[in-house]
Amino acid sequence: MAAGVAQRDGRQRSADELGPRYKWVALSNTTLGMLIATINSSIVLIALPDIFKGIGINPLEPANTSYLLWMIMGFLVVTAVLVVSFGRLGDMYGRARMYNMGFAVFTVSSIMLAITWFDGDAAALWLIGWRIVQGVGGAFLMANSSAILTDAFPSNQRGLALGINGVAAIAGSFLGLVIGGVLAPVNWNLIFLVSVPIGVVGTIWAYLKLHDTGVRQHARMDWWGNITFAVGLIAVLVGITYGIQPYGASSTGWGSPFVLSCLLGGLVVLVAFVVIETKVDNPLFKLSLFRIRSFSWGNLANLSASLGRGGLQFILIIWLQGIWLPQHGYTFEQTPLWAGIYMLPMTVGFLVSAPASGILSDRVGSRLLASSGLLITAVTFALLIVLPVDFDYWAFAGILLLNGIGMGMFSSPNRAEVMNSLPADARGSGAGMMTTFQNAAMVLSIGFFFSLIIAGLSTNLPSAMGAGLQAHGVPAASANQLAHLPAVAVLFAAFLGYNPIQQLLGPQLTQLPPDQANFLTGRSFFPNLISGPFQEGLQIAFAFAIAVCLVGAVASLLCKDKKVENGETVGSELAAVAGEASGTSELVGPARER
């Protein structure tokens, strides 16, 4: 274990000097931090209808689409941009200190989100602004939690620790769907308020108990690297975000001059960033780390896996809320909560496999486990392609369970492989680089998946909708006008759990015979209308997911397993800690000193 850095009382200590209990304290606190950060990244998805209703905005109006997109994507964009810089700050000034700052920022932003008192556009901008600040706090947590654990745990137990931490990260994203579905109908402010007591406890706990046990590397900040990286990546991610929106007569914005300028300009700036990083003494991105075989191939595998699964959650929500749940008797207002519940098998699979694969990777290595996990995940995407849109739920649940198992088998060994490969003074920046690739790939995946579904809807939906509306009494002029509205409005309506036809027809419903109006706004017309076009886009999206998972599986095999040292088993160590808690050991005395 590397020598520790200066503590609050001026002493230097290693994790060994802090006692065997310290690493479990570090694990429990960082797991809580990751859990609350990822719960908040997804809790908004399910609560969006109640949020926009509460602030008096219709998110489906063209002028308001950007509010909707930034409420969905803003958190991910900010964390993707900042985690490398914050990981570098952790290497320089202390990972525990930066992590604790993240908990505090996250808690303050949760309070400000919960007390929103505006309405309309002002409220939307307030929420988006504080969601971005919340993303800043989340970036501090994500950038430094893996590094803190890698410092605290010996190499033969890091797979377990990073696996449990990874479980919290993925489980939080699905638990957020359920929590948001339960709390938002009561009061949408509660979805932010629920984080406040956890944030306060976590912040105080982290301040009192976490210590910087790793190696600090004092250096000048690479300002030009920070600026060019932030500008370039923000431009690319903004371009991807707005590429989903329609432009002119096109159903998507990929041909928009603004989107093209963002994408091409961002790539040029990122090329300049790479050049700068080869010239400065203390670069933000330590490109020399890519000479480490496991770091390079492990990050490629992580990038590929994130591209494959990043948009999966959104696609499954649309599939359930827009098609399957209404077809099976659920009202559109009920679908957000039940979509979260019906997706729980994926979380269960991950909760089972991620810690188990982490423990196993500590014993047998990471390569085969990670590669097998992505192969299993690729098989589940193939099964989703052949699954009918109106599926039997138990078949769907089985596939989701297997998908969660595959992702868990990959996630823990992959993180352990990458973090074990890093030198002690680069763990913060290395973890930040890994998280950047992951979050940026997820934004790209969401944009890609959405674009494919929108393209499928745009091809066949207008004619089907126009004919269907006219067949049930809607005048031809109105039917054709509605049929040629942007497909993204239909997609977002399904994603939000709105009744799309009711939203589109509005006052015209009162001019139709009651039986026709009831049929058009019922639970079968819209789901049947989009099933065919949706399935076409779905097949292309999942075929892409299969391809990138296979690339990730090969990259995982090309990693070089680092042989870990033999040490105490987790069971015997936990027993020792339990005995120590009864009051015999003096090893933890230094940990209590202030």
Side-chain angles (χ1 to χ4, degrees), residues 46 48-50 52-53 56-65 68 181 185 246 251 314-339 342 388-391 393 450 453-538:
I46 293 297
L48 282 172
D50 294 289
F52 283 111
K53 183 179 178 181
I57 282 183
N58 180 3
L60 299 183
E61 291 181 3
N64 296 331
T65 305
L68 176 62
S251 59
F314 291 84
I315 297 302
L316 293 179
I317 289 173
I318 294 168
W319 194 348
L320 289 168
Q321 292 185 185
I323 300 175
W324 193 86
L325 286 168
Q327 287 180 331
H328 290 79
Y330 295 86
T331 65
F332 284 96
E333 292 76 16
Q334 294 174 316
T335 56
L337 171 60
W338 285 101
Y342 280 125
V389 173
D390 186 14
F391 50 77
Y393 176 71
F450 268 23
I453 301 299
I454 291 169
L457 290 174
S458 300
T459 302
N460 300 312
L461 186 61
S463 58
M465 181 180 285
L469 292 173
Q470 290 182 56
H472 293 282
V474 178
S478 298
N480 289 329
Q481 181 183 6
L482 294 173
H484 287 87
L485 287 175
V488 68
V490 177
L491 187 69
F492 282 154
F495 178 75
L496 291 169
Y498 288 165
N499 186 327
I501 301 301
Q502 189 170 17
Q503 291 286 324
L504 294 174
L505 287 175
Q508 296 184 52
L509 284 171
T510 59
Q511 303 172 17
L512 300 177
D515 59 328
Q516 299 292 355
N518 289 335
F519 178 79
L520 288 173
T521 58
R523 299 168 187 160
S524 62
F525 179 74
F526 176 74
N528 290 332
L529 192 68
I530 69 169
S531 291
F534 179 80
Q535 189 169 30
E536 292 179 14
L538 203 68

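Every heavy atom of this structure was used, including side-chain atoms; hydrogens, water molecules and symmetry mates were not. For clarity, every value in this text was computed on a predicted model and none was experimentally measured. Residue numbers start at 1 and run along the sequence shown.
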J.: Quick one: CD1 on I317 to CG on L325, what's the gap to the nearest 0.5 Å?
T.: 11.5 Å
J.: If the plane angle is over 60° it's perpendicular, under 30° parallel, otherwise tilted; pick one for Y342 and W324.
T.: perpendicular
J.: State, yes or no, whether a side-chain contact exists between L320 and T335 at a heavy-atom distance under 4.5 Å.
T.: no
J.: Going from CG on N528 to CD on Q327, what distance comes out if it is rounded to the nearest 0.5 angstrom?
T.: 5.0 Å
J.: Enter the distance from L48:CG to K53:NZ here, rounded to the nearest 0.5 Å.
T.: 14.5 Å
J.: List in chain and number order the residues that pass side-chain hydrogen bond (donor to acceptor under 3.5 Å, both in side chains) with Q516, two or more places apart in sequence or in another chain; answer none if no residue qualifies.
T.: H472
J.: With a 4.5 Å cut-off on side-chain heavy atoms, are L520 and L469 touching?
T.: yes
